[in-house]
A.B. asks: 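Please find one structure pasted underneath; my questions will follow.
Here is how names work: the chains are called A, B, and so on, in the same order as the sequence lines, proteins then strands, and each is numbered from 1.
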Protein chains: 2
Amino acid sequence: MTVSSRALAERGGATPAQVRKDLSFFGSFGKRGIGYPTIELARRIRGILGLGRPYRVILVGAGRIGAALANYPGFEARGFDIAAIYDADPSKIGTVLDAQTVRPAERIESDLAAEPADIAVIGTPAAAAQAMADRLVASGVRALLNFAPVALVVPAGVTVANVNMALELEALTFALASGRRA
Amino acid sequence: MTVSSRALAERGGATPAQVRKDLSFFGSFGKRGIGYPTIELARRIRGILGLGRPYRVILVGAGRIGAALANYPGFEARGFDIAAIYDADPSKIGTVLDAQTVRPAERIESDLAAEPADIAVIGTPAAAAQAMADRLVASGVRALLNFAPVALVVPAGVTVANVNMALELEALTFALASGRRA
DNA sequence: GAGTGTGAAATTGTTCACAGCG
DNA sequence: CGCTGTGAACAATTTCACACTC
């Protein structure tokens, strides 16, 4: 079973040449005249993305965002294992979210010392996000997924991905206001 | 009160030249030797983004994502007014989320006919997202914020912004796996 | 014949550097 | 004198087009 660059491009909204160039960057595993063998392609992409192993993910902030993430389907399916959930609010501690008991934020350092995590998801209020990022980085976390609407400052070697819903909405208002086609 | 392109660049993680080029695209409203007058700058940017008026936003899907969004602070603050929340699940209908009673999804068409909305947020399961997008577009919605992990197909003139948490996480695993600095 | 892999051309985006204004 | 606005130089990305292989 194979897929052509054309078919992939159509699905992903790109051009066939784009797909080929991008894939060729990581090696050449397509068959000329045929396309890319799907199984092999998927395996290679998983390898490129580093999805060959499970990742320990911790969640900081058990508010609405935390709740939404804890129950996100196809999360565990992709090898992401939510190992712990933390919150600073005493009223949240001890409550259960997706089979995880919410732990006090003070325990983050000691827990991470015992069992390091690869990725931390920050779903705290904006005011607490930078301080939390600092603590997490100091405890060895090297990748942050930040939902707080602030630009986190982290040392080199730490990667931050931001999700900012207000920004996304403003991209939409811009499109509406400028009458851009999409 | 003014800000220089250098100061803006530092905050936003760009170069001064970049900031000046980008702003000059929309006109020249800086003062040479001084910088950009902050009040005027903010006013112009709001104008560019189309934030001069409030936007009616409807929310489809009253699950975790819907709940997180309904309570998102600094949402109303930015002129986004959540006008209605819908769900297909009978057990959710009638429940209250952020002072809004969840309405049955069948009412979308008639409600939109009476009061059009600018933007719809799709927080349904992936399987229902495309059908819902079709209905919304047919009812006149011109901008969609999609949280379902599917690539929506919409006619030209409709803008879609996607938020895909799994994708963001995979960007992080890629950075971790390839040892990229950030 | 169909479709990849890839240099070379075209395009797009970024940085430089400086004239000109406040 | 500081800082914007902007062409011109430079860098990165995308597209083209075609040799090559299955």
A.B. asks: Any donor-acceptor pair under 3.5 Å linking the side chain of B/N164 with the backbone of B/P149?
C.D. replies: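 Checking the backbone N and O of B/P149 against the side chain of B/N164, no donor-acceptor pair under 3.5 Å is found.
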A.B. asks: If I compare all heavy atoms of A/V153 with all of A/D134, which pair ends up nearest, and what's the gap?
C.D. replies: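 Heavy-atom minimum between the residues: O-OD1, 4.1 Å.
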A.B. asks: Of all the nucleotides listed (C/dT15, D/dG2, C/dA8), which has the minimum atom distance to the side chain of B/R32?
C.D. replies: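 From the listed options, D/dG2 comes nearest.
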A.B. asks: What is the distance, to the nearest angstrom, from the CZ atom on B/R20 to the P atom on D/dC3?
C.D. replies: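 Those two atoms, CZ and P, are 10 Å apart.
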A.B. asks: Between B/V3 and A/I34, name the one whose nearest nucleotide on DNA chain D is closer to the 5' end.
C.D. replies: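 Residue closer to the 5' terminus by nearest nucleotide: B/V3.
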A.B. asks: Under 3.5 Å, is there any donor-acceptor pair linking the side chain of B/K21 to the base of D/dT6?
C.D. replies: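 There is none.
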A.B. asks: Distance check: side-chain N/O of B/T15 vs OP1/OP2 of C/dT15, anything under 4.0 Å?
C.D. replies: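 Yes, such a contact exists.
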A.B. asks: Taking the nucleotide of DNA chain C with the closest heavy atom to each, which residue, B/D22 or A/L23, is nearer the 5' end?
C.D. replies: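 Closest to the 5' end, via its nearest nucleotide, is A/L23.
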A.B. asks: Using a 4.0 Å heavy-atom cut-off across all strands, classify B/F25 as base, sugar-phosphate, or nothing.
C.D. replies: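 Answer is nothing: B/F25 stays at 4.0 Å or more from every strand.
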A.B. asks: Let me know the distance between CZ of A/F29 and P of C/dT6, rounded to the nearest Å.
C.D. replies: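 After rounding, the gap between these two atoms is 12 Å.
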A.B. asks: Distance-only, no hydrogens or angles: does the A/S5 side chain make a donor-acceptor pair with backbone N or O of A/R20 under 3.5 Å?
C.D. replies: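 Between the backbone of A/R20 and the side chain of A/S5 there is no qualifying donor-acceptor contact (under 3.5 Å).
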A.B. asks: Could you tell me how far apart B/E40 (CD) and C/dG22 (P) are, to the nearest whole angstrom?
C.D. replies: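 So the two atoms are 15 Å apart, to the nearest Å.
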A.B. asks: Rounded to whole angstrom units, what separation is found between the CG atom of B/L8 and the P atom of D/dG2?
C.D. replies: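 About 19 Å, once rounded to whole Å.
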A.B. asks: Strictly by modelled atom types, are B/D111 and B/Y86 linked by a side-chain donor-acceptor pair under 3.5 Å?
C.D. replies: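 B/Y86 and B/D111 do have a side-chain donor-acceptor pair below 3.5 Å.
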A.B. asks: Please confirm whether any donor atom in the side chain of B/K31 sits under 3.5 Å from an acceptor in the base of D/dG2, or the reverse.
C.D. replies: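 Absent.
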A.B. asks: Measure the distance from CG on B/L41 to C1' on D/dT4 and round it to the nearest whole Å.
C.D. replies: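 Taking atom C1' of D/dT4 as the reference, CG of B/L41 is at 13 Å.
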A.B. asks: Compare side-chain N and O positions of A/Q18 against OP1 and OP2 of D/dT13 and report whether any pair is under 4.0 Å apart.
C.D. replies: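 No, no such contact exists.
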A.B. asks: Rounded to whole angstroms, how far apart are CZ on A/R6 and C1' on C/dG1?
C.D. replies: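 In whole Å, C/dG1 C1' and A/R6 CZ are 13 Å from each other.
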A.B. asks: C/dG22, OP1 or OP2 - any side-chain N/O from B/Y36 closer than 4.0 Å?
C.D. replies: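 So the side-chain polar atoms of B/Y36 never come under 4.0 Å of the phosphate oxygens OP1 or OP2 of C/dG22.
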A.B. asks: Would you call A/R53 and A/D118 a salt bridge, using N to O less than 4.0 angstrom?
C.D. replies: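 Result for this pair is yes, salt bridge flagged.
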A.B. asks: Think B/S5 has a side-chain N or O under 4.0 angstrom from the OP1 or OP2 of D/dC3?
C.D. replies: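 So the side-chain polar atoms of B/S5 never come under 4.0 Å of the phosphate oxygens OP1 or OP2 of D/dC3.
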